[in-house]
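Structure first, then comments.
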Amino acid sequence: MHRSILILIFCAGFIATSFPATAQTAFERDCAKLADSKKTDGERLENLLKLSWDYTMRESPEFATYVGYPGQNDRWSDISLAAIERRKRELLAPLKVIKSIRREKLSANEQLNYDLFKRNQERAIEGTAFPSEYLQLSQLDGVHQDSAQILSIAPHASAKDYEDIIARLHRLPNLIEQTVVLLKKGLEAGVTPPRITLREVPQQVKNQMEADPKKNALLKPFADFPSDISESDRTRLRKEAETALKEKVIPAFGKLHEFLTTTYLPGTREKIAMTDLPNGKAWYAYNVRERTTTSMSPSEIHQLGLSEVKRIRGEMDKVIVQSGFKGSFEEFLTFLRKDPQFYYTSAEDLLRGYRDIAKRADPELAKLFGKLPRLPYGVVPIPSYAEKSQTTAYYQPGSPEAG
């Protein structure tokens, strides 16, 4: 049931300010039938969670790949204007079902799922006032970053898996075109990221245009095949992937690069605050509620942050004294930043060092947590095409189903 928590988070990415009347979709019809069903309240809640989960998997094939949901690995999300408008309206359908369910008839666990689902659905609908779909690219994510990542984690255990990857390569230009349409709408509406945050993005796009198939990150899965895939299939699949890269993908990214450098970046905003966007103060307040799951105002969150900084600074001062360092706080920070003892001398040593830390932490985890995930974790380098503009480190969730 925990998956239901994720469903509305995804849906919130497809939001709008109006829901035009049109014929019901299959999803809306299924929700309407469920709302009128004679099943028990608990059964209808369980059916709703499954219905919404399957809907999310179809609407977000990339997310489906992440969590190991089968059958979607040859597709990308449809982010055309028409599809976005449809998804905006479809946000209302599950809420009608959840409101038809009598909470008092549910078990304690079911009530928790009910509350989480209802809250997320209502927040997603509230978010339709803000056009977040126009913010398709950043230095951290977007088609120029996510496509290679998705292809690298997609299943590649059989010839069919590789054919799915090739299908995605062929469909990638359409996703890029849809992205450009949304970016253009964002320029028209004055909804863009701050220009300074996009300074590395054109180069990130060029990194995906590497002509050598052996060096292009999009074709990484074709570097090594499972042993049970025949040599003839390997040759065929590799050739098809290289053709798609050369004839479709690289030209499409070339068009995106030209658009970014000649039109998009020059038109993006120079100010950095979200409150500078149209309806930005309300948008920022909404994000605060959504991301913190509290009813605190942005001002209250800021004051909490200031008090925490003050508290942490006191703890830092104690550590400086305990370390025996003689000098001011600023001098200690300079010492931490510049002293060679705190740095690795090579990328290989850095990776090995942090892998060693992770393995030394493993036996201690059981002492701190009652339950540990079945899926193991690991430390890998940030892909070279993205490393210059990424944070020092970040966590990427895994899936037992996807391996």
Side-chain angles (χ1 to χ4, degrees), residues 60-66 71-83 136-139 141-185 198 200-226 229-265 383-388:
S60 181
E62 299 89 345
F63 187 33
T65 296
Y66 267 118
Q72 308 299 317
N73 294 313
D74 61 344
R75 302 170 48 240
W76 303 102
S77 295
D78 183 354
I79 57 171
S80 65
L81 294 173
Q136 285 294 316
L137 293 181
S138 75
Q139 77 278 18
D141 51 38
V143 65
H144 62 303
Q145 299 271 57
D146 301 340
S147 52
Q149 186 181 55
I150 291 295
L151 295 183
S152 69
I153 67 170
H156 39 274
S158 66
K160 173 61 168 62
D161 291 337
Y162 280 88
E163 288 165 357
D164 287 343
I165 295 174
I166 293 169
R168 271 182 163 159
L169 287 170
H170 280 287
R171 291 168 175 167
L172 191 53
N174 184 60
L175 181 64
I176 294 172
E177 290 175 8
Q178 291 177 340
T179 297
V180 170
V181 170
L182 291 172
L183 294 179
K184 288 180 178 178
K185 297 286 287 185
L198 301 174
E200 298 289 342
V201 171
Q203 183 58 50
Q204 291 174 343
V205 174
K206 289 193 72 173
N207 291 344
Q208 307 293 16
M209 297 168 60
E210 168 61 55
D212 186 345
K214 295 180 180 179
K215 297 180 180 179
N216 193 297
L218 291 162
L219 265 58
K220 182 180 178 182
F222 295 86
D224 296 298
F225 286 90
I229 294 182
S230 68
E231 193 60 43
S232 61
D233 276 340
R234 296 184 190 191
T235 300
R236 172 181 64 84
L237 293 167
R238 190 177 287 115
K239 182 177 180 180
E240 290 178 8
E242 292 174 359
T243 299
L245 177 72
K246 178 182 177 181
E247 296 182 358
K248 293 190 175 182
V249 176
I250 291 178
F253 272 122
K255 293 178 181 178
L256 176 61
H257 182 270
E258 181 181 6
F259 169 72
L260 290 175
T261 55
T262 63
T263 303
Y264 191 67
L265 263 68
S384 59
Y385 62 81
E387 62 185 6
K388 283 189 175 182

Around E200, counting heavy atoms of other residues, nucleotides and ligands shown, do more than 12 lie under 6.0 Å from its CD? yes
For D212, I'd like to know if atom CG has over 12 heavy atoms of other residues, nucleotides or ligands within 6.0 Å. yes
Kindly indicate, with the supporting measurements, whether the criterion side chain to side chain contact (heavy atoms under 4.5 Å, CB included) is fulfilled by K239 and F222. CA-CA 10 Å; K239 182 177 180 180; F222 295 86; over 6 Å; no
Rounded to the nearest 0.5 Å, what separates atom [atom1] in [X] from atom [atom2] in [Y]?
X	Y	atom1	atom2	result
I153	K220	CD1	NZ	11.0 Å
L218	Q149	CG	CD	12.0 Å
Q204	Q145	CD	CD	4.0 Å
L198	T261	CG	OG1	12.5 Å
T179	L256	OG1	CG	7.5 Å

A217 backbone acceptor or donor facing E210 side chain under 3.5 Å: no
Would you confirm whether N216, through its side chain, and P213, through its main-chain N or O, come within 3.5 Å as a donor-acceptor pair? no
Strictly by modelled atom types, are Q208 and H144 linked by a side-chain donor-acceptor pair under 3.5 Å? no
Look at R238 together with E242 and state whether they make a salt bridge at an N to O cut-off of under 4.0 Å. no
Take F225 and L237, measure what side chain to side chain contact (heavy atoms under 4.5 Å, CB included) needs, and give me the verdict at the end. CA-CA 10 Å; F225 286 90; L237 293 167; 4.1 Å; yes
K184 and V180: CA distance, side-chain angles, deciding distance, side chain to side chain contact (heavy atoms under 4.5 Å, CB included) verdict: CA-CA 6 Å; K184 288 180 178 178; V180 170; 3.7 Å; yes
Acceptor/donor pairs from residues 168-176 side chains to any protein atom, 3.5 angstrom cut, sequence neighbours excluded:
unit_1: R168; atom_1: NE; unit_2: N73; atom_2: O; d: 3.3
unit_1: R168; atom_1: NE; unit_2: R75; atom_2: O; d: 2.6
unit_1: R168; atom_1: NH1; unit_2: T65; atom_2: OG1; d: 3.1
unit_1: R168; atom_1: NH1; unit_2: N73; atom_2: O; d: 3.4
unit_1: R168; atom_1: NH2; unit_2: P61; atom_2: O; d: 3.3
unit_1: R168; atom_1: NH2; unit_2: T65; atom_2: OG1; d: 3.1
unit_1: R168; atom_1: NH2; unit_2: Q72; atom_2: O; d: 3.3
unit_1: R168; atom_1: NH2; unit_2: R75; atom_2: O; d: 2.9
unit_1: H170; atom_1: ND1; unit_2: K248; atom_2: NZ; d: 3.1
unit_1: R171; atom_1: NH1; unit_2: D74; atom_2: O; d: 2.6

